[in-house]
Asks: 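Structure below; questions to follow.
Being a predicted model, the structure only gives us computed values, none of them experimental.
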Amino acid sequence: MNKAKSSNRELLLKAALQKIPCDLTIENIQLINVITGEIYPAEVDVFDGIIVRVRSPKEPLTLASLETFNGQQGFLLPGFIDSHMHVESSMMVPLHLSQAIVPWGTTAICSDPHEIANVMGHKGVKFMLDNASLSSLRQYVLAPSCVPSVPGLESSGADFFAEDIAQILDMEGVIGIAELMDFVNIIEHEARMRDILEVGIERNTFLQGHAPRLTGKALAAYRLAGPESDHESTTAIEVNEKLRNGFHVNMRVNSFVDNLDDLLEGVKDHQWLDFVSFCTDDVHAADLYQYGHINRVVATAIRAGMKPLVAIKLATINAAREFGFKDLGAIAPGYQADFQIVENLSFEKAPMSVFVGGQQVAKNGLYLRTNEQTTRVSFPNTVSIPQIESPKDFWLKAPEDLPRFEVAALKPSPGGFLNEINWIELPVKNGHISIEGRCDMCFCAVINRYNNRKMSVCILENPQLKKGAYGSTVAHDSHNLVILYKDFEDAYRVAKTLEKTGGGICVVEDQKIKGLLELPAAGLMSPLPVKELSEQIEVTEQAVRTVCDNSTSLLYAALFSLACLPGVVVTDYGIVDGAKQIIIEPFREVAQPHQDLSS
């Protein structure tokens, strides 16, 4: 059982019995009871951050509380809980994330710091915990299980084994093992993943799953191995099958994915939704600033036809129960006084008030803790790319031992989310593959940024990039430097710029920098708070769209190297078949000699 906080039980009993005054009473509200599904007038009494009494307004206090708060006839409901997110994907440090999402009604998150763990190992995890402790948001952390996500197919800045997971589980604020992404090796009972799972099973801690497109006997085997949840469903069929197999399903809306309507179809005929909650996974600061956080997921569900009380339950007590929290997610005696007051149940706007531990921390979208410590981020430069010495390093060199060959090009599969291989003949010029005149192609380079000199180059077919170059050190999950480019000089300029800044996102055209978002904290995060950062994100995204399609996301490059996806990706090792977890050779021989166009 997890508990958010322990208090003096004797004093709590005295406060409930009115032998001593309570600290706070919330009055003039309509209470949303997520346990019974009712809405009714109530008053809520709080002592030492804990709810000690929920009573009818007709039953007055015998001892006046030290403070009374008028809810102005709003709806009082528990604070929202994000059941799975990566703080680093917000591009903010944990303290600034708190300042960004608490005003939207989120009072707790369960986060996986595997982004920074892949860059900086234990030191990165420790930074996230320490920085989070400065905030009013309850930030619970899970030990990153897959660092790197698929060993032998990619390299990162650290390698975690069972002993590393055990050490992190001993850190205060760590409540389980984070998404177990290496589903192939988990199913096959491979030694590394078996040992990591055993650490969690022996401690009876939460094991978070990650099972994209797993089905049938593979899905059953994955559940038997230990993972309890999944947030990777993309279809109604997936949602239904995972729930029937005993998984807790986290439905998500974020900066990459918004197909909640489809996911909800998977539960439309279900009597009970106790094993469903909401998450965001990956949301950057500009989206948080403009649209909000879990409230955005709740609002999307309501617009899709879900009853507001059901959506609220999924975002509160269901998420708390998923992780075994007995004192979060509801408004009743013994629960933490984490709640919000909203004007209506559309969740399209920020709450009127947000409380954490019985303290008001936000009002009408404004964060009230202005005296919180300002974060000064001092990180070493984590971008080391000595293998990049000239624009020629971005050539895709033709094989010298094949008289005629085809090149493996990554092409979006039907639906567009995953890639597949398309074999195609391309000309050779001066010893490297040429795509001159091909508006339907660009190059993609994945450059190890942890000083091991690995690098791979491949062809992308039908990419959103049309000219210049665009690169990012935000590149799930190992966060190597990924650059999409049409021009070798532009790619070189992107690489050298991000090497100097310590990471970020850079756009170059005609050797001129068109946009630059500096992320010096592990190449993932900025020291800026949400408003200033969101402004920089919007400017940089517009720069991305000058070299890509008009609708291209700032994070378009971030998923091309995600080796745990069941499609074809490219890592610093080369082209990878994520489903089979094998390297695909970039060239294959065909029958007749290939023409060299060199003069």
Asks: Tell me the ring pair (Phe, Tyr, Trp, His ring centres under 6.0 Å) pairs involving residues 447-468, sequence neighbours left out?
Replies: none
Asks: Checking side chain to side chain donor-acceptor pair (under 3.5 Å) for the pair Ser478/Glu154: CA distance, chi angles, key distance, verdict?
Replies: CA-CA 7 Å; Ser478 289; Glu154 62 179 341; 3.0 Å; yes
Asks: Closest approach of Cys110 and Ile175, non-hydrogen atoms and distance?
Replies: SG-CD1, 4.0 Å
Asks: Would you please test Val407 and Ile433 for side chain to side chain contact (heavy atoms under 4.5 Å, CB included) and show each step?
Replies: CA-CA 9 Å; Val407 183; Ile433 302 301; 4.1 Å; yes
Asks: Could you tell me which non-hydrogen atom of Ser472 sits nearest to which non-hydrogen atom of Ile505, and how far apart they are?
Replies: OG-CG1, 3.6 Å
Asks: Once you round to the nearest 0.5 Å, how far does CG of Asn131 lie from CG of Leu95?
Replies: 5.5 Å
Asks: Side chain to side chain contact (heavy atoms under 4.5 Å, CB included) with Arg438: which residues, sequence neighbours excluded?
Replies: Ile424, Leu426, Ile435, Asp440, Met441
Asks: List in chain and number order the residues that pass side chain to side chain donor-acceptor pair (under 3.5 Å) with Ser534, two or more places apart in sequence or in another chain; answer none if no residue qualifies.
Replies: none
Asks: Has Ser90 got a side-chain atom pairing as donor or acceptor with Val87's backbone, closer than 3.5 angstrom?
Replies: yes
Asks: Does Phe161 have Arg192 sitting over its ring (NZ/CZ under 6.0 Å from centre, angle to axis within 45°)?
Replies: yes
Asks: Is a side-chain N or O of Lys392 found less than 3.5 angstrom from the main chain of Glu389, in a donor-acceptor match?
Replies: no
Asks: Restricting to ring-ring contact (aromatic ring centres under 6.0 Å, His included), what partner residues turn up for Tyr485, sequence neighbours left out?
Replies: Phe394, Phe443
Asks: Any side-chain donor-acceptor pair under 3.5 Å between His248 and Ser277?
Replies: yes
Asks: Spell out, as yes or no, whether a donor-acceptor pair under 3.5 Å connects the side chain of Glu241 to the backbone of Gly216.
Replies: yes
Asks: Using a 3.5 Å distance criterion without hydrogens, assess whether the side chain of Gln387 forms a donor-acceptor pair with backbone atoms of Asn448.
Replies: yes
Asks: Spell out, as yes or no, whether a donor-acceptor pair under 3.5 Å connects the side chain of Tyr470 to the backbone of Tyr556.
Replies: yes
Asks: Look at Glu238 together with Lys242 and state whether they make a salt bridge at an N to O cut-off of under 4.0 Å.
Replies: yes
Asks: CD1/Ile177 to CG/Leu207 distance, rounded to the nearest 0.5 angstrom?
Replies: 5.5 Å
Asks: Can you list the steps and then say if Val530 with Met92 is a side chain to side chain contact (heavy atoms under 4.5 Å, CB included)?
Replies: CA-CA 7 Å; Val530 63; Met92 291 180 286; 3.6 Å; yes
Asks: Any chance the side chains of Asp112 and His84 put a donor and an acceptor closer than 3.5 Å?
Replies: no
Asks: Give me the atom names and distance for the closest heavy-atom approach of Asn118 to Cys146.
Replies: ND2-O, 3.8 Å
Asks: Sequence neighbours left out, what passes side chain to side chain donor-acceptor pair (under 3.5 Å) with Ser111? Give chain and number order.
Replies: none
Asks: Are His114 and Phe160, when compared by the centres of their aromatic rings, separated by less than 6.0 Å?
Replies: no
Asks: Between Lys126 and Asp130, does any side-chain N to carboxylate O distance fall below 4.0 Å?
Replies: yes
Asks: Can you confirm whether Glu535 sits close enough to Tyr289 that some side-chain heavy atom of one is under 4.5 Å from a side-chain heavy atom of the other?
Replies: no
Asks: Do Asn480 side-chain atoms and Arg449 backbone N/O form a donor-acceptor pair below 3.5 Å?
Replies: yes
Asks: Of all the heavy-atom pairs spanning Ala117 and Pro144, show the shortest one and how long it is.
Replies: CB-CG, 3.8 Å
Asks: NE2/His476 to CG/Leu524 distance, rounded to the nearest 0.5 angstrom?
Replies: 8.5 Å
Asks: Apply side chain to side chain donor-acceptor pair (under 3.5 Å) to residues Glu179 and His86 and explain how you reach the verdict.
Replies: CA-CA 11 Å; Glu179 54 178 322; His86 303 284; 2.8 Å; yes
Asks: At what distance, to the nearest 0.5 angstrom, does CG of Leu517 lie from CD of Glu538?
Replies: 11.5 Å
Asks: Please tell me whether His293 and Thr106 have a donor and an acceptor in their side chains that are separated by less than 3.5 angstrom.
Replies: yes
Asks: Take Thr280 and Asn254, measure what side chain to side chain donor-acceptor pair (under 3.5 Å) needs, and give me the verdict at the end.
Replies: CA-CA 5 Å; Thr280 59; Asn254 60 31; over 6 Å; no
Asks: Between Asp572 (side chain) and Val446 (backbone), is there a donor-acceptor pair under 3.5 Å?
Replies: no
Asks: Count the heavy atoms belonging to other residues, nucleotides or ligands that lie under 6.0 Å from CD1 of Ile582, then report whether that count exceeds 12.
Replies: yes
Asks: Salt bridge between Arg213 and Glu232, side-chain N to carboxylate O under 4.0 Å?
Replies: no
Asks: Heavy atoms, side chains only, cut-off 4.5 Å: are Cys442 and Ile459 in contact?
Replies: no
Asks: Kindly check if the number of other-residue, nucleotide or ligand heavy atoms within 6.0 Å of NZ (Lys496) is above 12?
Replies: yes
Asks: Could you tell me which non-hydrogen atom of Ala285 sits nearest to which non-hydrogen atom of Leu533, and how far apart they are?
Replies: CB-CD2, 3.7 Å
Asks: Would you say that Thr215 contacts Ile237 through its side chain, given a criterion of any heavy-atom pair below 4.5 Å between the two side chains?
Replies: no
Asks: If I take atom CD1 from residue Ile196 and atom CZ from residue Arg194, how far apart are they, to the nearest 0.5 angstrom?
Replies: 11.0 Å
Asks: Is it the case that the side chain of Asp487 and the backbone of Asp510 share a donor-acceptor pair, with hydrogens and angles ignored and the cut-off at 3.5 Å?
Replies: no
Asks: Is it the case that more than 12 heavy atoms not belonging to Lys466 sit under 6.0 Å from its NZ atom?
Replies: yes
Asks: For residues His432 and Phe488, establish whether the separation of their ring centroids is below 6.0 Å.
Replies: yes
Asks: Verify, without hydrogens or angle tests, whether Asn250 (side chain) and Cys279 (backbone) share a donor-acceptor contact under 3.5 angstrom.
Replies: no
Asks: Contact between Glu518 and Ser526 at the side-chain level, heavy atoms closer than 4.5 Å - yes or no?
Replies: no
Asks: Kindly state whether the ring of Tyr222 and the ring of Phe183 have centres lying under 6.0 angstrom apart.
Replies: no
Asks: Are the side chain of Asp549 and the backbone N or O of Thr552 linked by a donor-acceptor pair below 3.5 Å?
Replies: no
Asks: Not counting sequence neighbours, which residues clear side chain to side chain donor-acceptor pair (under 3.5 Å) with Ser384? List them please.
Replies: Asn451
Asks: Does either side chain, that of His210 or that of Asp230, offer a donor lying less than 3.5 Å from an acceptor on the other one?
Replies: no
Asks: Which heavy-atom pair separates Ala178 from Ser145 by the least distance, and what is that distance?
Replies: O-OG, 3.0 Å
Asks: Determine whether Tyr573 and Ser155 make a side-chain contact, defined as any pair of heavy atoms from C-beta on separated by less than 4.5 Å.
Replies: yes
Asks: Is any NZ, NE, NH1 or NH2 atom of the basic residue among Arg545 and Glu541 found under 4.0 Å from an Asp or Glu carboxylate oxygen of the other?
Replies: yes
Asks: Under a 4.0 Å N-O cut-off, is there an ion pair linking Glu436 with Lys429?
Replies: yes
Asks: One thing to verify: whether Glu406 and Arg588 come together as a salt bridge, which I'm taking to mean a side-chain N less than 4.0 angstrom from a carboxylate O.
Replies: yes
Asks: Do the ring planes of Phe587 and Phe405 sit parallel (below 30°), tilted (30 to 60°) or perpendicular (above 60°)?
Replies: perpendicular
Asks: Rounded to the nearest 0.5 Å, what separates atom SG in Cys444 from atom CD1 in Ile575?
Replies: 9.5 Å
